[in-house]
Amino acid sequence: MNNGKGESRRASVPAPPLDRSRLSVIVPIYNEEETLSELEARLPSAVECLGFEDLEFILVSDGSHDASESIICEMVERDPRFRGVFLTRNFGHQAAVSTGLNYARGSVVVIIDGDLQDPPEVIPELVDALERGADVAYAVREKRKENIFKRFAYFAFYRLLSGISSIDIPLDTGDFCCMRRRVVDAMLTLPERNRFVRGLRAWVGFKQVGVTYERAARFAGTPKYTLRKLFALAYDGLFSFTRMPVRVIQAIGLVLSTVSLLIAVGYLLTYLIAPERFPRGFASLIISIWFFGGVQLLCLGIVGEYVIRTHDEGKGRPSALVREVIEQEDSESMDHRSAPEKRANALLARSAPGESHAS
Ligand code: UDP
Ligand code: MG
């Protein structure tokens, strides 16, 4: 990102003025029935003052099975700036955000959580940073109002990721950000399926700046990221953006095999020079077999993780499927698919979810 030479060259080329024709705000929603009305009250009023000609709020329902989807339909009816994109099942937060990016038509695009932990009132500061010349303004969490275990886990994860990652992923940032169209277009050209959005955002480059904010507590409801989903996210981050685990096991393998070779030579010499001092005993043998067996399994697991990811990409499945797009009939449609595609999608809604047709 920002480093010496590139920065000074960039500084002499002023960034293009911010195009304020349309602001798209992408909000992933998974069973957020308790927060939607507050979101409806706070989100538009936070961005109306920013001088965009047009606003669109894309609520991506990630297979919600509470009242969220019917509430979203009511919101669309009340205010045509709201649009709903309903996925066929729960594909996960990152897939929901990625689908939202596909549908966003804004010249400026914001990604924000639906539980109001990312306060919509911070969006003007992010847009300000774009106005001053940035292409991406990402929100950096200053304080988190979460339990100590979660805070520690996030703290450790971001430092581990940044320590071993092959690209510069900023610390303590989530997906809450504001991007110029050209950044979104660049992200959309990346075909990978395991989408770790904040990693892809860092990978595409451009001029990125952090804006600190205080992360609020959830407005209502319980976290939708289960421990399993958090681990899956951490895995996506670590294995999609690092080669370090494989390098580490290569180094461990090299060190262990060199050491064991030296020990073998030592034993051979002992056997030849002083056979009476040649060590006997199974305990050390068994321990070393188990130890090296463990190390080998661990290494295989790490290599396997990369193989799984290659396999996933090889299958070429989309990261999520869209069941329905909800928008007011008279508004300019953001559903850019062709009529046969839409029909196929409608059929899909009635048949088995999770099969055929990409978003
Ligand atoms: N979310 C989603 N799909 C999921 C899990 C979460 O779309 O499978 C949404 C959720 O509704 C919320 C955002 O992603 O708007 C962040 O989720 P959550 O608040 O549970 O995560 P945390 O803030 O605990 O990291
Ligand atoms: Mg949250």
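Counting starts at 1 for both ligands and their atoms, following the listed order. This chain uses plain numbering: 1 for the first residue, then up along the sequence.
The shell of residues lying under 4.0 angstrom from ligand 1, judged by heavy atoms, excludes Gln94. Under the 4.0 angstrom criterion for non-hydrogen atoms, Phe219 is not in contact with ligand 1.
A search for side chain to side chain contact (heavy atoms under 4.5 Å, CB included) contacts involving Val248 returns Met244, Ile252, not counting sequence neighbours.
Of all the atoms in ligand 1, the ones that sit under 4.0 Å from a non-hydrogen atom of Tyr154 are 25 (O). In summary, the atoms of ligand 1 found under 4.0 Å from a heavy atom of Glu32, numbered by their order in the structure, are 10 (C), 11 (O), 12 (C), 15 (O). Near Arg215, meaning under 4.0 Å from one of its heavy atoms, ligand 1 places the atoms 23 (O). Taking every heavy atom of Gln117 and a limit of under 4.0 angstrom, the matching atoms of ligand 1 come to 19 (O), 22 (P), 23 (O). Taking every non-hydrogen atom of Asn90 and a distance limit under 4.0 Å, the qualifying atoms of ligand 1 come out as 3 (N), 4 (C), 8 (O). Of all the atoms in ligand 1, the ones that sit under 4.0 Å from a non-hydrogen atom of Asp115 are 15 (O), 19 (O), 23 (O).
The distance from atom CZ of Phe86 to atom CD1 of Ile72, rounded to the nearest 0.5 Å, is 4.5 Å. For the atom pair Phe219 CZ and Leu36 CG, the distance stands at 10.5 Å (nearest 0.5 Å). In this structure, the separation between CG on Leu101 and CD1 on Ile58 is 8.5 Å, given to the nearest 0.5 Å. Atom CD1 of residue Ile111 and atom CD1 of residue Ile26 lie 5.0 Å apart, to the nearest 0.5 angstrom.
In this structure, Phe196 and Phe157 have perpendicular ring planes: the angle between them is above 60°, well past the 30° mark.
Enclosure of atom CZ in Arg317 is not indicated, since only 12 or fewer non-hydrogen atoms of other residues, nucleotides or ligands lie within 6.0 angstrom.
Closest non-hydrogen pair, Ser61 versus Ser64, comes out as OG-OG, 3.1 Å.
When only interatomic distances are considered, the shortest N/O to N/O separation between Pro223 and ligand 1 does not fall below 3.5 Å. Checking only distances, Pro28 does come within under 3.5 Å of ligand 1, N or O to N or O.
Without hydrogens or angle criteria, Asn90 side chain to Gly63 main chain gives no donor-acceptor distance under 3.5 Å. Listed for the Arg182 side chain is no donor-acceptor partner under 3.5 Å among the backbone atoms of Phe206.
Closest heavy-atom approach to atom 13 (C) of ligand 1 among the candidates Ile112, Asp113, Leu59: Asp113.
Of the heavy atoms in Phe176, none comes closer than 4.0 Å to ligand 1. Proximity of His93 to ligand 1, defined as any heavy-atom pair under 4.0 Å, is shared by backbone and side chain alike.
Legend: protein N/O/S atoms lying under 2.8 Å from the Mg ion (ligand 2), waters omitted, number 2.
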Run the salt bridge (charged side-chain N to carboxylate O under 4.0 Å, His left out) test on Glu313 and Arg309 for me, step by step, so that the C-alpha distance in whole Å, both residues' side-chain angles and the decisive distance to 0.1 Å come before the verdict. CA-CA 6 Å; Glu313 297 299 326; Arg309 270 147 214 283; over 6 Å; no
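Between Asp175 and Arg198, at least one side-chain nitrogen of the basic residue sits less than 4.0 Å from a carboxylate oxygen of the acidic one, meeting the salt-bridge criterion.
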